[in-house]
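In this text, all values refer to a predicted model and were calculated from it rather than measured experimentally.
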Amino acid sequence: MNKNHLLYFLFLALFVTSCSNTKYLPEGELLYTGATVKMEGNETSKKERKYLKTELQKIVRPKPNSTILGLRPKLYIYNLVGKPKKEKGWRYWLRTKVGEAPVLYSQVDLEYNKSVLQNFSENHGYFNTKTTADSTRSGKKVKANYTVNPKKQYKIREVKFPTDSSVISSNIRAISDRSLLKTDQGYNLDIIKAERVRIDAKLKEKGYFYFNPDYLKIQVDSTVADHQVDLTVKVKNEAPSLSQTQFKINNIIVYPNYSIVSDTLKSKEGFTTKYNDFTIIDRENLFKPRIFDRALYFKKGDFYNRTNHNLSLNRLVNLGTFKFVKNQFKVSDTLGNYLDALYYLTPLPKKSIRVEVLAKTNSANYTGTELNVNWSNRNAFRGAELLTISAFGGVEVQVSGQNNGFNVYRMGTEANLVWPRFVSPFKIETPGGFVPKTKATLGYEFQNRIKLYSLQTFKGSYGYLWKANEHKEHLLSITEITYASPQNVTPLYRDQIAANPSLEKVIEKQLIFGPSYSYTFTNTMEKRKKNTFYYKGTLGLSGTIAGLLTGANAKKGDTIKVFGVPFSQFIKIENEFRHYLKLGEDSQLASRVIVGAGFAYGNSTEMPFIKQFFIGGTNSLRAFRARSIGPGSYDGSTTSSSFLADQSGDLKLEFNTEYRAKIYGLVKGALFLDAGNIWLLNNNPEKPGAEFSKKFINEIAVGTGAGLRFDFSFLVLRTDLAFPVRKPYLPDGQRWVLDQISFGNSTWRKENLVFNLAIGYPF
């Protein structure tokens, strides 16, 4: 097919699909194709008119059928499928979920839209704006046309706050310095409404429980000067006296076993406990009173405060013990202005069992299934503790890159006990609505790597988890103990050790113990922001105190063993930074940088294998097999034609960026670029080129590719097709391989194209 025939075909397809959508319209109906907003006049600046046009275009209703390159595929599918006989089945799903009903011109109310545009303009200070509405028809299609002529914007000349001597007026004046209303600012009804909400929120912090924004009015005087207004803030005369009264807290009553179907509210002898400022009515004696002292911020005699109100509710919810948390304040039956605070708490079932079948992808590029059986005991020791015992088993199969057939079978068990507080000899206070937690873990895992070896791992940890706020999270493990004991090493793996002695460290017994700390900051939950960030920094120590006390020095032969196993001594630091740039409603640029370093000393000459850095794979450099790159310019694939050893390093540098955009429906696409490598701190004769040097930039691996993401809401299925453009293991000067790319060459595809199948986004 030549170029002219191709253009003719595309034009014909465009014409046919365009016409076919209108032939299905009901008799007398026209297809609505959208609206245009035209700005006229010169009393406003070009910037103001551009802003108004953008905002006005957003609020015109209805929205027309969605288009792609001028076509309306969803409407075409809707028409093509036709009306299904039943409200179920494939046709019904295709028509209602994939297709889109035609937007008819009869649904358009020109006068209503005209008034909406007029109101928006005037609510933003462009009083006396002139607006007209009309439509144009072409065949069976109609477009709405709106013309807006905004006048000069009115600006705020002065803002006046209440001047009378009442207590509430003085409180309003006291918070006027943070007012959202500023002189010389354009009049804006949205900001005026926001100012009422701001004042209400501040008054709630000062005991005005019954106040609300509707009790405020902000009068506008537009006669004071040319295109200027004065704003006067007042409490409405009809505002009830209760709303203008400051309240303090009197009784604090907790019902921790509340049920709407039984009588749980009556206070009876033997069921009521007085603890500090609280009255706890617990007929079943389910909870220790001290958990409420930690969760509730109010104390008797405090002014009512909305912040403490919300923090108390958040902490009760975050205990993870209650199914429902309900709160009520009512005027206390006592002299003075007091409120009683009542908390109605419905516990979750104390014990539960959950069975999960998971699809997962791990960091080593293995995809598989896992069966988890979890038994939970909430409120295990009457202090809202959570005891969880789980057993798991699964199989993981490498599905991308060069599959060497060494699949992994895993099974194990783990017990976790979480206290909703700091279990510590010292009293530690944490601000905010998040409950601090203490966590103890004991676990065992048996892993069988087919054809190679088995690995038994015992682990235990004890530490603290707390959040300063919704953005910042801390995790401090006082100690983490890991004991790894390989067994069942096959002759095949022994042969590989003979060819590559560095592989022997993988099957050495390892004992790791010491503290670790990680800090996480993220604001990615703020969807309206154009730029969002994620940062996680981790510091791990092992054997530090033990090494100092014993004087261990492996380099001098003074290696200290515990239970016959040399303990590892090292420092490891890792930083991960992500940036998300929102480009549009359904598109973004996501980037990630990882920098890590590990240093072995004292009782160790090198980092333990399980704590070293790895690179490559489904969630890393997608153009290379998992753990196959590095260290440095070392080529691990040369050790054997049948076995590709996992390569590890002491230093890691990785950069990833990808453009993500919605393609159609639940299908999203991505174009990505990955770069990075790992290195050793010290020279290893068995791995030439692996040591870090000032030439490290010349040893960066680079890959690129494209992928599809199928977002099913409950999971994201990801497929990526990638290929390398820079191979660090090639001779210097030959590492860029852009000129060798040949998608039509089967040999090139076999050696370079890597298909990744994964669950979830890479970052």
Side-chain angles (χ1 to χ4, degrees), residues 254 256 275-276 278 280 282 286-297 311-323 325 345 347-352 354 372 374-390 412-445 457-483 512-522 536-542 544-545:
V254 182
Y275 187 84
N276 293 339
F278 309 108
I280 302 163
D282 187 359
L286 292 178
F287 299 94
K288 294 177 181 177
R290 66 181 183 180
I291 70 171
F292 304 111
D293 191 29
R294 296 189 182 98
L296 300 177
Y297 276 74
L311 289 175
S312 298
L313 291 177
N314 287 343
R315 287 214 163 194
L316 288 170
V317 170
N318 281 301
L319 284 173
T321 304
F322 300 106
K323 184 177 182 180
V325 174
L345 314 175
L348 286 160
K350 182 176 174 62
K351 298 177 182 179
S352 63
R354 186 176 74 251
N372 285 343
N374 301 285
W375 176 83
S376 299
N377 185 342
R378 296 180 180 86
N379 197 35
F381 307 110
R382 296 180 52 240
E385 302 90 353
L386 175 62
L387 173 63
T388 304
I389 299 175
S390 62
T413 183
E414 185 173 283
N416 291 285
L417 180 59
V418 179
W419 294 266
R421 61 185 184 276
F422 284 122
V423 179
S424 166
F426 312 103
K427 187 175 181 180
I428 306 173
E429 297 289 343
T430 58
F434 296 94
V435 176
K437 296 178 181 179
T438 302
K439 183 178 181 180
T441 299
L442 286 174
Y444 166 79
E445 179 180 323
T457 305
F458 300 86
K459 64 179 181 180
S461 66
Y462 182 88
Y464 306 114
L465 170 66
W466 73 99
K467 297 182 74 170
N469 52 49
E470 64 179 350
H471 299 299
K472 302 174 184 178
E473 183 174 330
H474 305 265
L475 174 60
L476 173 63
S477 290
I478 300 300
T479 185
E480 290 183 1
I481 303 173
T482 302
Y483 172 69
I512 304 168
F513 56 86
S516 68
Y517 169 75
S518 69
Y519 168 78
T520 303
F521 170 86
T522 180
K536 183 175 183 179
T538 304
L539 170 65
L541 304 174
S542 178
T544 304
I545 297 176

Show the nearest heavy-atom pair for residues Val435 and Pro420, with the distance to one decimal. CG1-O, 3.3 Å

Look up atom CG in Leu476 and atom CG in Leu539, then write down how far apart they are to the nearest 0.5 Å. 10.0 Å

Do the rings of Phe287 and Phe292 sit parallel, tilted or perpendicular, given the 30° and 60° boundaries? perpendicular

First locate atom CG of Asp282, then atom CZ of Arg382, and finally report the distance between them rounded to the nearest 0.5 Å. 8.0 Å

Are there over 12 heavy-atom neighbours, none belonging to Lys288, within less than 6.0 Å of that residue's NZ? yes

List in chain and number order the residues that pass side chain to side chain donor-acceptor pair (under 3.5 Å) with Asp293, two or more places apart in sequence or in another chain; answer none if no residue qualifies. Asn276, Lys299

Approximate separation, where rounding is to 0.5 Å, of Thr544 OG1 and Phe513 CZ: 9.0 Å

Let me check something: any side-chain donor-acceptor pairs from residues 457-467 under 3.5 Å, sequence neighbours excluded? List them with distances.
from: Lys459; atom 1: NZ; to: Glu414; atom 2: OE1; distance (Å): 3.2
from: Tyr462; atom 1: OH; to: Val423; atom 2: O; distance (Å): 3.1
from: Tyr464; atom 1: OH; to: Val423; atom 2: O; distance (Å): 2.7

Does some side-chain heavy atom of Glu473 sit less than 4.5 Å from a side-chain heavy atom of Phe434? no

Under 3.5 Å, is there a donor-acceptor pair between the side chain of Arg378 and the main chain of Pro349? yes

Is a side-chain N or O of Thr413 found less than 3.5 angstrom from the main chain of Tyr444, in a donor-acceptor match? no

Enter the distance from Arg290:CZ to Ile280:CD1 here, rounded to the nearest 0.5 Å. 12.0 Å

So do Glu385 and Lys437 actually touch side chain to side chain, heavy atoms under 4.5 Å? no

Interatomic distance, Trp419 atom CH2 to Leu387 atom CG [nearest 0.5 angstrom]: 9.5 Å

Identify the heavy atoms of Thr479 and Ile481 that sit nearest to each other, and give their distance. OG1-CG1, 3.9 Å

His474 (side chain) donor-acceptor with Tyr519 (main chain) under 3.5 angstrom: no

Heavy-atom side-chain contact between Val254 and Leu296 under 4.5 Å: yes

Starting at CG of Asn318, measure out to CG of Leu313 and round the result to the nearest 0.5 Å. 11.0 Å

Looking at side-chain heavy atoms only, is the closest gap between Leu417 and Phe381 below 4.5 Å? yes

In short, Leu386 meets Ser376 closest at the heavy-atom pair CD1-CB, 4.3 Å

Counting only heavy atoms not in Ile545, do more than 12 sit closer than 6.0 Å to its CD1 atom? no

Determine whether Lys350 and Asn377 make a side-chain contact, defined as any pair of heavy atoms from C-beta on separated by less than 4.5 Å. yes

Hey, does Glu480 have a side-chain heavy atom less than 4.5 Å from the side chain of Ile512? no

Taking C-beta and beyond as the side chain, do Leu286 and Pro256 meet within less than 4.5 Å on heavy atoms? no

For residues Asn372 and Ser390, determine if any side-chain heavy atom of one lies less than 4.5 Å from a side-chain heavy atom of the other. no

If every non-hydrogen atom of Arg315 is compared with every non-hydrogen atom of Arg294, which pair is closest and at what distance? NH1-O, 3.3 Å

Ignoring hydrogens and geometry, is there a side-chain-to-backbone donor-acceptor pair from Ser518 to Gly537 under 3.5 Å? no

Looking at every heavy atom in both Asn469 and Lys472, which two are closest together, and how far apart are they? OD1-N, 3.0 Å

